[in-house]
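In what follows, a single structure is set out as structure tokens and then discussed.
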Protein chains: 2
Amino acid sequence: MTPVSNEPNGTPRLADVARAAGVSQSTASRVLNGSARQVADEYRVRVLAAAEQVGYTTNLAAQAMARGHYPAVALVVGDIRDQFFARIAFGAMREASRRGYILNLLSTEGDESRERDLVQDLRRQRPEALVLARKRDTTARAGSRLMEQLIGFQRESGRVVIVGEPSEPVLAVRPPDFDGGKALAGALLELGYRDFVVFLGDNSIPSERDRLDGFRVGLSTGGVALPDSHVYLTSPSAAGGIAAATDYLADRSKAEVIVCTEDDIAWGAIQRLRGSGLEIPGDVAIAGYGRRRSSPLGDDADWLTTVRSPLEEMGAVAVSAALDPLASDVPLPAPEVHLGGSTPDRTPPRASRRKR
Amino acid sequence: MTPVSNEPNGTPRLADVARAAGVSQSTASRVLNGSARQVADEYRVRVLAAAEQVGYTTNLAAQAMARGHYPAVALVVGDIRDQFFARIAFGAMREASRRGYILNLLSTEGDESRERDLVQDLRRQRPEALVLARKRDTTARAGSRLMEQLIGFQRESGRVVIVGEPSEPVLAVRPPDFDGGKALAGALLELGYRDFVVFLGDNSIPSERDRLDGFRVGLSTGGVALPDSHVYLTSPSAAGGIAAATDYLADRSKAEVIVCTEDDIAWGAIQRLRGSGLEIPGDVAIAGYGRRRSSPLGDDADWLTTVRSPLEEMGAVAVSAALDPLASDVPLPAPEVHLGGSTPDRTPPRASRRKR
DNA sequence: TTGAAAGCGATACCAC
DNA sequence: GTGGTATCGCTTTCAA
């Protein structure tokens, strides 16, 4: 008999507010959610008071249905426990919340072929934007069906932005790896290093290449060249670092500093080099790339010289770009070079070298 | 003139599927979303085919409005970049997705007083469950207004579950810290240690106390007692470790092993002890608690003996419990003791001691 | 079993 | 400015 509400346990509806304020539902709606503010102050105050009084909260689903879109942005990550994704998520979350959007988090849990299914599933929600964070371009492997999904999504819902490796028709926010490599080169030159070796993680990953390219350009600014023979190609992991270090030792090379395109490579290399009795940085200095932590006091990780990409900002920029096409050209902050004990100052030259 | 659809760019609606299948919308609904399956097979097949053909996806907002609730669970974390929260989020996400739920991620960004506002805002969405992850009970500080919000939420929407420190009338999933402490004691006894000192992070944090209590109980099982004078009270951080180690050195204590209730404390202590010329584990072994990483090869962090709590599972259990009251008694897996180089085997006793 | 029709809560067009 | 009122897409009685 009594009107049935779908709101759980008598949560007040807009109509309740309107009644309490003695205005029409339209007016209440305009005050509480509408954009074009064209309500007399007197009414406005009454509505606000009534809403507060009855404890009204907008029913997002109803609003979404009436408006035709849901104020949410979906973020697909690989594994949120990975700092790369966590930092992106952090920034994305902050920006979404700043804009009054809800953030839906989805995870492929490492299985990137799941991206397609996730996106598929996502579409039910009609979020306004979709941000895909990825370390490498898996679109090809995941099949063009993912691309179809993305394009479908863009047609029917909002925009898609990829953070990390770009993949053609979709907008991407790339990490400033070139700049980071260049900055690292500059910093090392500044410290007095002139003789470099690079452990490159993967020739086919754009980020890795960019870091190397940037590094080379940075060196050339200081008039230093990096011959190809000084670049050890390996894999972007600690195991890769061990392998590259092994090759390096076999070559009887001696550089002043080894620059790795990933921190993990550096850690592996350090392990291998120390295992061979080398002192670091005494016998050879070392630097990484991709600093993970926000340096809690007392953690040895601060010791490694490395570069920190502005991942939080990338997440935020991705959300902005996805939600607001006009904002797509926000510049990213420059990567931050962290100088640790692994690359001590070599200047002035008369100071003792090769000594811890 | 033509019927206006609020669906973006002609996304098919249920009515389109029904038409294509030549059945009523009710039938289509029953096949595609309904629970009680009471549709003739012939129709069922036709509907499914039609849905596939036109590329139908349920409009969640519409469904939510009709049903009265949104299939989402909200997760409020402190800072997603923190492994504690990231691992909980990971588990929560997996469980939510397994159940077909959407996960909304919110962050207080370290400012726990924001919890209240977040929960307030959250209610717009009418999610079915709310999971709050927290390292300590901040309800008191955030004022009882948070508690009011939570209770309000429970009344009108779903259930609230807290992961971490409990706070009265709300269900909580606590980390098995007591068991972890006990297990660590057992493992150290097994390695031949008999003389212990504990650096306790904070007397008022339940987790810290539980670890200590569990540790004591574990020791007593081996007939070993831990006098109060062997417990150094400090703060749960690297700085706290430095402070405790300083006290320890001043006391001229000598234990076989220092057990810290947080990894950070251990790292700080290590730094301080080494700074005083002590060899670790040569002069004193050390263990922590709360292992962070999933041990990437080559990372020194594996070296520290520590205990890893089942945070992923806690996140998953929290979601289950919030969504499904019946499932609230799922047991958590036991914490995992990781033995590293910081606590070498002391048995057999005839082996050389105090020597690296 | 199936279908017609009445909502669900909010928005927005359209007169007044 | 303000207030009816017709949707929005889907679920769910209620008859047939």
Side-chain angles (χ1 to χ4, degrees), chain A residues 1-19 21-47 51 54 56-71 123-126 156-157, chain B residues 1-19 21-47 51 54 56-71 123-126 156-157:
Chain A
M1 287 303 114
T2 85
V4 185
S5 166
N6 251 4
E7 283 285 24
N9 279 300
T11 305
R13 320 188 266 269
L14 187 58
D16 298 319
V17 176
R19 195 173 319 114
V23 301
S24 76
Q25 187 168 319
S26 314
T27 299
S29 171
R30 285 191 271 255
V31 172
L32 295 172
N33 307 304
S35 50
R37 45 173 58 208
Q38 35 192 352
V39 176
D41 274 358
E42 190 200 327
Y43 281 8
R44 146 169 254 91
V45 172
R46 283 225 305 258
V47 170
V54 304
Y56 172 77
T57 31
T58 305
N59 181 320
L60 225 43
Q63 191 171 65
M65 187 164 59
R67 298 227 248 240
H69 57 257
Y70 201 80
R123 292 168 68 177
R124 292 187 306 155
Q125 203 189 356
R126 316 280 191 272
E156 69 187 31
S157 295
Chain B
M1 290 298 115
T2 84
V4 184
S5 166
N6 250 5
E7 283 284 25
N9 280 299
T11 305
R13 321 188 267 270
L14 187 55
D16 298 320
V17 177
R19 194 175 317 113
V23 301
S24 76
Q25 186 170 317
S26 317
T27 300
S29 170
R30 286 190 268 256
V31 171
L32 296 173
N33 306 305
S35 50
R37 45 171 60 208
Q38 35 192 351
V39 175
D41 273 359
E42 190 200 327
Y43 280 7
R44 149 168 252 91
V45 172
R46 281 222 308 255
V47 171
V54 305
Y56 173 78
T57 31
T58 304
N59 181 320
L60 226 43
Q63 193 170 64
M65 188 166 56
R67 298 228 248 241
H69 58 256
Y70 201 79
R123 291 168 69 178
R124 292 188 306 156
Q125 205 191 353
R126 315 280 191 271
E156 68 188 32
S157 295

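Predicted, not measured: the structure shown is a model, and the values here were computed from it. Each chain gets a letter, A, B and so on, in the order its sequence line appears, and its residues count up from 1.
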Practice task
Output, in order, the C-alpha distance, side-chain angles, deciding distance and verdict of salt bridge (Lys or Arg N to Asp or Glu O under 4.0 Å) for B/D16 and B/R19.
Solution key: CA-CA 5 Å; B/D16 298 320; B/R19 194 175 317 113; 3.2 Å; yes
May I ask you to verify whether the side chain of [X] and the base of [N] hold a donor-acceptor pair under 3.5 Å?
X: A/T27; N: D/dG3; result: no
X: A/R30; N: D/dG3; result: yes
X: A/S26; N: C/dA12; result: yes

[N] [atom2] sits how many Å from [X] [atom1], rounded?
X: B/Y70; N: C/dG9; atom1: OH; atom2: P; value: 17 Å
X: B/L14; N: C/dA5; atom1: CG; atom2: P; value: 17 Å
X: B/L32; N: D/dC10; atom1: CG; atom2: P; value: 9 Å
X: A/R46; N: D/dT2; atom1: CZ; atom2: P; value: 10 Å
X: B/D16; N: D/dG9; atom1: CG; atom2: C1'; value: 10 Å
X: A/Q63; N: D/dG9; atom1: CD; atom2: P; value: 16 Å
X: A/R19; N: D/dG3; atom1: CZ; atom2: P; value: 15 Å
X: A/R124; N: D/dT11; atom1: CZ; atom2: P; value: 11 Å

[X] side chain: which of [options] is closest?
X: B/Y43; options: C/dG3, D/dT2, C/dC8; value: C/dG3
X: A/V39; options: D/dC10, D/dT2, D/dT12; value: D/dT2
X: B/A40; options: C/dA4, D/dC10, C/dT1; value: C/dT1

Fill in the blank from the handout: Walking DNA chain C from its 5' end, the first of B/G22 and B/A66 to be reached, judged by nearest nucleotide, is B/G22
According to a strict under-4.0 Å criterion, is [X] in side-chain N/O contact with OP1 or OP2 of [N]?
X: B/Y56; N: D/dC10; value: yes
X: B/N33; N: D/dT11; value: yes
X: B/Q25; N: C/dG3; value: no
X: A/S24; N: D/dG4; value: no

Problem - Whether B/R46 side chain and B/A21 backbone form a donor-acceptor pair below 3.5 Å - result: yes
Handout entry: From B/T57, B/N59, B/L60, residue fulfilling side chain to side chain contact (heavy atoms under 4.5 Å, CB included) relative to A/Q125
Key = B/L60
Exercise for the section: First locate atom CZ of B/R124, then atom CG of A/N33, and finally report the distance between them rounded to the nearest 0.5 Å. Expected result: 9.0 Å
Completion exercise
Here the gap from A/T58 atom OG1 to B/R126 atom CZ, rounded to the nearest 0.5 Å, amounts to 8.0 Å
